[in-house]
Structures are given as structure tokens and as C-alpha cells.
Amino acid sequence: HDYPSGLFVEKAGIEICLVGDSLGMVALGHQATNPLTMEEMLHHCRAVARGAKSPFLIGDMPFGSYETSPTDALRNAIRFIKEGNMEGVKIEGGVEMSETVKKITTTGIPVLGHVGLMPQRQSSLGGYRVQGKTAKK
């Protein structure tokens, strides 16, 4: 979530690093990940990127930055690459996000999917409950 952590990732030889939206809870004191803004995520992405030079860097797209439309998602994914110094993005969801993933990856931006525990949807799922435990659900 920050420059010192990025340095540790670099020195440890870790090959991939996610700058996660969990920073909203663990670093910024929010009760959930949803209040985190694009500007906050980009700020933290830049800090990690200054320390972690070798790993493949993935920025976690915050709630509201990709759900509105595939076009909005692409616009914000590009911001992660250009402004956040990331190499890919992460979004939550399953098959309902396929059009969004296609829109982003068609432009050459890798997308890391996230199923299972989906913190950005915790309110609608009845809390922090694991989802996607099987191939069907």
C-alpha cells in the first residue's frame, strides 16, 4: 500500500504485486473498501510502483470505477496504467463482468479476476461471506 512495502516486495524478489483496495480499511481506517476513491488508489499505486520496480504491478479498481459501464471501466483502467504506473488491473465479479473484461483486455491491459470473497459487494451479500466456491456458483 506504500513505498516501503513496495521496496520490500522488490527486495524479496516477488514477481507480482497487487495494490489492493483493502488499503481503505488497513491503511485509511474505513470500515469497508467501498469509500476508497480512484484518486486514493492511484496515489497508493504510484507509491508502491516507486519501490517495486521488477514485479508485475496490478491496481485494484475501486468500487464504482468499473461497474457503471465497460467504457467507464476502460477509461479508469487506462488511468491505472498511465497515472498509477500499474501494468494491469483487478476487478471483482464473475460472468456479469465478461463484457467489461473484454473491453479492457482488448486494449492490451491485463485483468486479474476476483471471485470468492468479494468485499466490494459485502453489503448485498449479507456481509463478508465467501462466494464462488464451485464452478457453478
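We're numbering straight along the sequence, starting at 1.
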Atom pair SG/CD of Cys45 and Glu87 - distance to nearest 0.5 Å:
11.5 Å
Does the pair Val19 and Ile58 meet the rule for a side chain to side chain contact (heavy atoms under 4.5 Å, CB included), with working shown?
CA-CA 6 Å; Val19 182; Ile58 300 171; over 6 Å; no
Is a donor on one side and an acceptor on the other found under 3.5 Å between the side chain of Glu15 and the backbone of Pro55?
no
Locate the shortest heavy-atom distance separating Pro110 from Phe56; write the atom from each residue and the value.
CG-CZ, 3.8 Å
Any Met25 side-chain heavy atom under 4.5 Å of Gln31 side chain:
no
Under 3.5 Å, side chain of Glu67 to main-chain N/O of Gly64, donor-acceptor pair present?
yes
For the student: nearest non-hydrogen atoms of Leu57 and Ala52, plus distance
CD1-O, 3.6 Å
Interatomic spacing from NZ in Lys103 to OG1 in Thr105 - rounded to 0.5 Å:
11.0 Å
Closest heavy-atom contact between Gly59 and Leu18?
C-CD1, 4.5 Å
Pairwise side-chain contact, Lys90 with Met61, heavy-atom cut-off 4.5 Å (strictly under):
no
When every non-hydrogen atom of Ile81 is compared with those of Gly88, the smallest separation belongs to CD1-N, 3.8 Å
Could you check whether any side-chain N or O of Asn76 sits under 3.5 Å from a backbone N or O of Ser65, counting only pairs where one atom can act as donor and the other as acceptor?
yes
Working for side chain to side chain contact (heavy atoms under 4.5 Å, CB included), residues His44 and Leu28
CA-CA 11 Å; His44 286 272; Leu28 301 178; 4.1 Å; yes
Single-linkage hydrophobic cluster Met86~Ile16, side-chain heavy atoms < 4.5 angstrom
no
Between atom CG of Leu7 and atom NZ of Lys53, what is the distance when rounded to the nearest 0.5 Å?
9.0 Å
Minimum side-chain heavy-atom gap Leu42-Phe80 below 4.5 Å:
yes
pair Asp60-Met41: side-chain heavy atoms closer than 4.5 Å:
yes
According to a 4.5 Å side-chain heavy-atom criterion applied to Ile, Leu, Val, Met, Phe, Trp and Tyr, with indirect links allowed, do Met38 and Ile78 form part of one hydrophobic cluster?
yes
CD on Glu99 to OG on Ser69, rounded to 0.5 Å:
9.0 Å
Tell me the closest heavy-atom pair linking Ala77 and Ile104, and the distance in Å.
CB-CG2, 3.9 Å
Using modelled atom types and a 3.5 Å cut-off, is there a donor and acceptor pairing between side-chain atoms of Glu10 and backbone atoms of Phe8?
no
His1 side chain near Ser22 side chain, heavy-atom distance below 4.5 Å:
yes
Test item: Arg79 side-chain N/O and Gly84 main-chain N/O as donor-acceptor pair under 3.5 Å
no
Where do Pro35 and Glu40 come nearest, in terms of heavy atoms and distance?
O-OE1, 4.0 Å
Is any side-chain heavy atom of Ile91 closer than 4.5 Å to one of Val111?
yes
Give the cluster check for Val48 versus Leu112: same hydrophobic cluster or not, with ILVMFWY residues linked at side-chain heavy-atom distances below 4.5 Å.
no
Would you mind reporting whether Met97 and Tyr66 have side-chain heavy atoms less than 4.5 Å apart?
yes
